Peer 1: 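Take this structure, written in structure tokens, and hold onto it; I'll ask about it next.
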Amino acid sequence: MGYYDQNDENQNKKRKGSHTSYFLSGLGGAIIGALLILLAFPGSGLLINESSENTTEKSTDSESMKQTQQSLSVDVTSAVTDAVDKASDAVVGITNIQETTFWGQQGKNESSSAEAGTGSGVVYKKDGGKAYIVTNNHVIEGANELEVTLSDGTKLPAELQGSDPWTDLAVIVVDGDKIKTIAEFGKSEKLKPGEPVIAIGNPLGLQFSGSITQGIISGLERTIEVDINEDGQVDWNAEVIQTDAAINPGNSGGALVNMSGQVIGINSMKIAENAVEGIGLSIPIDSVIPIINDIEEFGEVKRAFLGVNLASVEEISQYHQQNTLKLPKKVTAGVAITGVQSNSPADKAGLAEFDVIVGMDNEEIHDVVELRKYLYNDKKIGDKVKITYYRDGKKETTEVTLSSSEI
């Protein structure tokens, strides 16, 4: 028989009661803790729903922002856009039309007109029903006809008023009825290196008419050697403005504009010769104005005239320097006279072939370019100039009264 102990049963009952009380106590604690959290954070029960609603709201807001951005119109106005608005319509396209002759089907010479090149120009004046446009000489050179294209696409026939190959400038004239905008000239002498500028023109032809490029003034009073007659000899030193605003073929004759919308230079790709990136050249407007004034009045530029044919001594062999010109060995620079025009100022002053000019007034003359520069820039028609020269090895002087014509 097994032994039954009443005490064991009582112990088991006690253990069961203890477990139950522990469970009830824990459950009560959890409920009380939850109630305390709800009391302390009354909105916490909505966290899941609110998070879901916030996600929906953010998505809606994002779509709304996208719609707002798509319909937003930004009014961008700056000194650049103001300058462009002021000057761009005064810049026109110029088409050089030349006549070509060819052998026709019937064995006869026939001719036709075709576009030989395009460039740009700047309308700077209206007077007497006409509008005056300044451009480059090389833009209009050799043209049988000229056509101007305005900023709105209107095409007008143009006539050549005159040109000047030394400065690469020309003036053409059109009917002024269709011209609405006239350029305002500034002062190139006021320019400063680093000053922002805009180039306006028609690079690569009328397809890109009215193109705008921006840069700065990279340098002032730059001197560029120019071979005008393309004989391999330097004929002229052009003083130009250097800019890094892009100036490409077709921009020639267009405007270099300051931030006030004033034209401060006439762009010239011809002077640049090679398309070098970052170096654009422009003829200063202060130099342009007297040239176009002469062209308007006379059809050409009136310059002081000496009446001689010239060659720089440095281009002459040492043999001829010593034996033909008979120069002292210490004289290695100057300008040799290789011919004198009859009844010219030089002829009247007694200058002769093989004389070597080394000075004009108080200026030393080292080569042909310096001589031309002094005459063209510092002397006027009717002025007197004292010339120092060598003849048969001896230094002499004479006074010349300058007349009107080209050297």
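FYI, the numbering just counts along the sequence from 1. All values below come from the heavy atoms of this structure, side chains included, with hydrogens, waters and symmetry mates left out. Owing to the predicted nature of the structure, the values given are computational and were not obtained by experimental measurement.
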Peer 1: Is there a donor-acceptor pair under 3.5 Å between the side chain of N136 and the backbone N or O of V139?
Peer 2: no
Peer 1: Kindly give the heavy-atom pair with the smallest separation between W166 and D235, and that separation in Å.
Peer 2: CZ3-O, 3.5 Å
Peer 1: Under a 4.5 Å cut-off applied to non-hydrogen side-chain atoms, are P345 and T401 in contact?
Peer 2: no
Peer 1: Quick one: does T243's side chain have a donor or acceptor within less than 3.5 Å of a partner on A245's backbone?
Peer 2: yes
Peer 1: Are I224 and L281 close enough that some pair of their side-chain heavy atoms sits under 4.5 Å apart?
Peer 2: yes
Peer 1: Under the salt bridge (charged side-chain N to carboxylate O under 4.0 Å, His left out) rule, what do K126 and D175 come out as? Steps first, then yes or no, please.
Peer 2: CA-CA 9 Å; K126 281 181 69 173; D175 189 325; over 6 Å; no
Peer 1: Take atom CD of E364 as the centre, draw a 6.0 Å sphere, and report whether it contains more than 12 heavy atoms from other residues, nucleotides or ligands.
Peer 2: no
Peer 1: Taking C-beta and beyond as the side chain, do D347 and S344 meet within less than 4.5 Å on heavy atoms?
Peer 2: yes
Peer 1: Within a reach of under 6.0 Å around CG of D152, are more than 12 heavy atoms found that belong to other residues, nucleotides or ligands?
Peer 2: yes
Peer 1: What's the verdict on salt bridge (charged side-chain N to carboxylate O under 4.0 Å, His left out) for K373 and E239, showing C-alpha distance, side-chain angles and the deciding distance?
Peer 2: CA-CA 11 Å; K373 185 177 179 181; E239 290 189 0; 3.2 Å; yes
Peer 1: List the steps, then state whether side chain to side chain contact (heavy atoms under 4.5 Å, CB included) holds for V385 with K379.
Peer 2: CA-CA 8 Å; V385 57; K379 290 296 179 180; 4.2 Å; yes
Peer 1: Would a distance-only check, ignoring hydrogens and angles, find a side-chain to backbone donor-acceptor pair under 3.5 Å from T135 to G121?
Peer 2: no
Peer 1: To the nearest 0.5 Å, how far apart are OG in S163 and CD1 in I291?
Peer 2: 11.5 Å
Peer 1: Testing the basics here: between A90 and A183, what is the closest heavy-atom pair and its distance to 0.1 Å?
Peer 2: CB-N, 3.6 Å
Peer 1: Would you give the length of the straight line joining atom CG of N267 to atom CD1 of I241, rounded to the nearest 0.5 angstrom?
Peer 2: 9.0 Å
Peer 1: Distance-only, no hydrogens or angles: does the Q242 side chain make a donor-acceptor pair with backbone N or O of L220 under 3.5 Å?
Peer 2: no
Peer 1: Can any side-chain N or O of N144 pair as donor or acceptor with the backbone N or O of E99 at less than 3.5 Å?
Peer 2: yes
Peer 1: Do Q214 and V197 come close enough that some side-chain heavy atom pair is under 4.5 Å?
Peer 2: no
Peer 1: Do V123 and Y132 have side chains that get closer than 4.5 Å, going by heavy atoms?
Peer 2: no
Peer 1: Does a side-chain heavy-atom distance below 4.5 Å link V226 with N237?
Peer 2: no
Peer 1: Do you know which two heavy atoms are closest between L150 and K178, and how far apart they sit?
Peer 2: CD1-O, 3.7 Å
Peer 1: Is any side-chain heavy atom of V134 less than 4.5 Å from a side-chain heavy atom of V288?
Peer 2: yes
Peer 1: Around E184, counting heavy atoms of other residues, nucleotides and ligands shown, do more than 12 lie under 6.0 Å from its CD?
Peer 2: yes
Peer 1: Taking E297 first and then K302, would you say they form a salt bridge - that is, a charged N and a carboxylate O separated by under 4.0 Å?
Peer 2: no
Peer 1: Roughly how far apart are K326 NZ and K394 NZ, rounded to 0.5 Å?
Peer 2: 11.0 Å
Peer 1: Judged by atom type as modelled, is there a donor-acceptor pair below 3.5 Å linking the side chain of N202 to the main-chain atoms of G210?
Peer 2: yes
Peer 1: Quick check against the 3.5 Å criterion: does N251 have a side-chain atom that pairs as donor or acceptor with the backbone of G254?
Peer 2: no
Peer 1: Classify the side-chain pair N309/T338 by whether it contains a donor and acceptor separated by less than 3.5 Å.
Peer 2: no
Peer 1: If you look at every heavy atom in S151 and D89, which pair is closest and at what distance?
Peer 2: OG-OD1, 3.0 Å
Peer 1: Rounded to the nearest 0.5 Å, what separation is found between the CG atom of L306 and the OG atom of S403?
Peer 2: 8.5 Å
Peer 1: Can you tell me how far apart CZ (R372) and CZ (R303) are? Round to the nearest 0.5 Å.
Peer 2: 10.5 Å
Peer 1: Does atom CD of Q318 have more than 12 heavy-atom neighbours from other groups under 6.0 Å away?
Peer 2: no
Peer 1: Are the side chain of S88 and the backbone N or O of V84 linked by a donor-acceptor pair below 3.5 Å?
Peer 2: yes
Peer 1: If you measure from CD1 on I179 to CG on L156, what distance do you get to the nearest 0.5 Å?
Peer 2: 6.0 Å
Peer 1: I'd like to check L402 versus I381 (side-chain heavy atoms, cut-off strictly below 4.5 Å). Are they in contact?
Peer 2: no
Peer 1: Quick check on K130: does its NZ atom have over 12 non-hydrogen neighbours (other residues, nucleotides or ligands) under 6.0 Å away?
Peer 2: no
Peer 1: Check whether more than 12 heavy atoms from other residues, nucleotides or ligands sit under 6.0 Å from atom NZ of K190, and answer yes or no.
Peer 2: no
Peer 1: Is it the case that the side chain of Q161 and the backbone of E296 share a donor-acceptor pair, with hydrogens and angles ignored and the cut-off at 3.5 Å?
Peer 2: yes
Peer 1: Quick one: does any side-chain atom of D286 pair with a main-chain N or O of I289 as donor and acceptor, under 3.5 Å?
Peer 2: no
Peer 1: When you check the gap from the basic side-chain N to the acidic O, do K384 and D361 get nearer than 4.0 Å?
Peer 2: no
Peer 1: Provide the closest heavy-atom pair for I182 versus K125 in the form atom of the first, atom of the second, distance.
Peer 2: CG2-N, 3.7 Å
